[in-house]
Undergrad: 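One structure, as structure tokens, below. Some questions next.
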Amino acid sequence: ESVIACDTYTWAANGQTYTTGGTYTNTTTNTAGCSNIATLNLTINNSTTSTESATACDSYTWPANGVTYTTSGTYTNSTTNAAGCPNIATLNLTINNSSTTSESATACDSYTWPENGQTYTTGGTYTNPTSYAAGCPNIVTLNLTINNSSTTSESATACDSYTWLANGQTYTTGGTYTNTTTNAAGCSNIA
């Protein structure tokens, strides 16, 4: 008889298990007392295995089976190799996760964000994608409020002296004077 098997074959004629192909014979005595020679033409095809490692951010789609994984672990995929025997592929997968953080800031006129070194003059929501040690994105969001400083100007003419209501000081010489206070938004008001 001719047999093709994967990895091993146990021949019923003699109960022996074979792991290599070849021609084997088994001699017994038939009911008539004569020799009965059985011949086995055996072909052994081997199973195959493979192992691969992968590291990904958040998820990984394994080309071997098209499945997307979101957690680290060891995964296997069984298929049939070209010889018609099992092919077991093993994936050792490490999943690193992205992260997001959020911060708020309030500033007068402008704000320089230490996260990226950029200066902003208008309030709004800004993002800065960076990378952290595991190589995955770390997205930082800035919720920024910009309050503006204010300036006012007034002119006055007086005889001998003038007491400015903005600061209560009395001036005896003409000139340009400034007084800095805080406006309703908590920023400078320069009069």
Undergrad: Between Thr141 and Thr125, is there a side-chain heavy-atom distance shorter than 4.5 Å?
TA: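 A side-chain contact exists here, since the closest heavy-atom pair is under 4.5 Å.
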Undergrad: Near Ile88 CD1, under 6.0 Å, is it more than 12 heavy atoms from other residues, nucleotides or ligands?
TA: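 Above 12, so yes.
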Undergrad: Evaluate side-chain contact (heavy atoms from CB on, under 4.5 Å) for Asn189 paired with Thr152, printing each intermediate quantity in order.
TA: CA-CA 8 Å; Asn189 177 45; Thr152 58; 4.2 Å; yes
Undergrad: How long is the span from the CD atom in Glu115 to the OG1 atom in Thr130, to the nearest 0.5 Å?
TA: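 Nearest 0.5 Å value for the CD-OG1 distance: 5.5 Å.
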Undergrad: Go through the steps to decide whether Ile44 and Thr20 satisfy the test side-chain contact (heavy atoms from CB on, under 4.5 Å), and finish with yes or no.
TA: CA-CA 6 Å; Ile44 294 288; Thr20 57; 5.5 Å; no
Undergrad: Rounded to the nearest 0.5 Å, how far does CG of Asn96 lie from OG1 of Thr55?
TA: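 Answer rounded to 0.5 Å: 6.5 Å.
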Undergrad: How many angstroms lie between atom CG of Leu93 and atom OG1 of Thr71, to the nearest 0.5 angstrom?
TA: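 Those atoms lie 7.5 Å apart.
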Undergrad: Side chains of Ser188 and Thr180 only: does a donor on one sit below 3.5 Å from an acceptor on the other?
TA: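 No pair is found: no donor N or O on one side chain lies under 3.5 Å from an acceptor on the other.
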Undergrad: Distance from Tyr126 atom OH to Gln118 atom CD, nearest 0.5 Å?
TA: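 Going from the OH atom of Tyr126 to the CD atom of Gln118 covers 9.5 Å.
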Undergrad: Give the minimum heavy-atom separation between Trp62 and Ala89, together with the two atoms involved.
TA: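 Result for this residue pair: CH2-O, 3.5 Å.
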Undergrad: Ile4 vs Asn45, test: side-chain contact (heavy atoms from CB on, under 4.5 Å). Steps then yes/no.
TA: CA-CA 7 Å; Ile4 298 173; Asn45 292 326; 3.4 Å; yes
Undergrad: Per the side-chain contact (heavy atoms from CB on, under 4.5 Å) rule, which among Asn116, Ile139, Asn138, Thr100 passes with Pro129?
TA: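 The option that passes is Ile139.
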Undergrad: How far does CG of Leu165 sit from CD of Glu154, to the nearest 0.5 angstrom?
TA: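 Output value for this atom pair is 7.5 Å.
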Undergrad: Do Thr119 and Thr112 have side-chain N/O donor and acceptor atoms under 3.5 Å apart?
TA: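 Side-chain D/A pair, Thr119 to Thr112: present.
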Undergrad: Write down the atom of Tyr177, the atom of Tyr171, and the distance for their closest heavy-atom approach.
TA: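 That would be CD2-CE2, 3.3 Å.
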Undergrad: How far apart are the closest heavy atoms of Asn46 and Asp7, and which atoms are they?
TA: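 In terms of heavy atoms, the two residues are closest at CA-OD1, 3.3 Å.
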Undergrad: Closest approach of Ala64 and Asn77, non-hydrogen atoms and distance?
TA: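 Residues Ala64 and Asn77, closest heavy atoms: O-ND2, 3.2 Å.
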Undergrad: Do Thr172 and Tyr162 have side-chain heavy atoms sitting under 4.5 Å apart?
TA: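 Side-chain contact under 4.5 Å: no.
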Undergrad: Which atom pair, heavy atoms only, marks the closest approach of Ser98 to Asp58?
TA: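 Looks like OG-OD2, 2.6 Å.
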Undergrad: Mind running side-chain contact (heavy atoms from CB on, under 4.5 Å) on Thr76 and Leu91 for me, showing each step along the way?
TA: CA-CA 6 Å; Thr76 59; Leu91 171 65; over 6 Å; no
Undergrad: Rounded to the nearest 0.5 Å, what's the gap from CG on Asn14 to CG on Asn26? Could you check?
TA: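 Asn14 atom CG to Asn26 atom CG measures 4.5 Å (nearest 0.5 Å).
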Undergrad: Judged by modelled atom types alone, do Thr68 and Thr61 share a side-chain donor-acceptor pair under 3.5 Å?
TA: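 On atom types as modelled, these side chains qualify, holding a pair under 3.5 Å.
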Undergrad: Test side chain to side chain donor-acceptor pair (under 3.5 Å) on Asn143 and Ser102; report intermediate values, then the result.
TA: CA-CA 8 Å; Asn143 297 306; Ser102 180; 3.3 Å; yes
Undergrad: Of all the heavy-atom pairs spanning Cys108 and Gly186, show the shortest one and how long it is.
TA: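 That would be SG-O, 3.7 Å.
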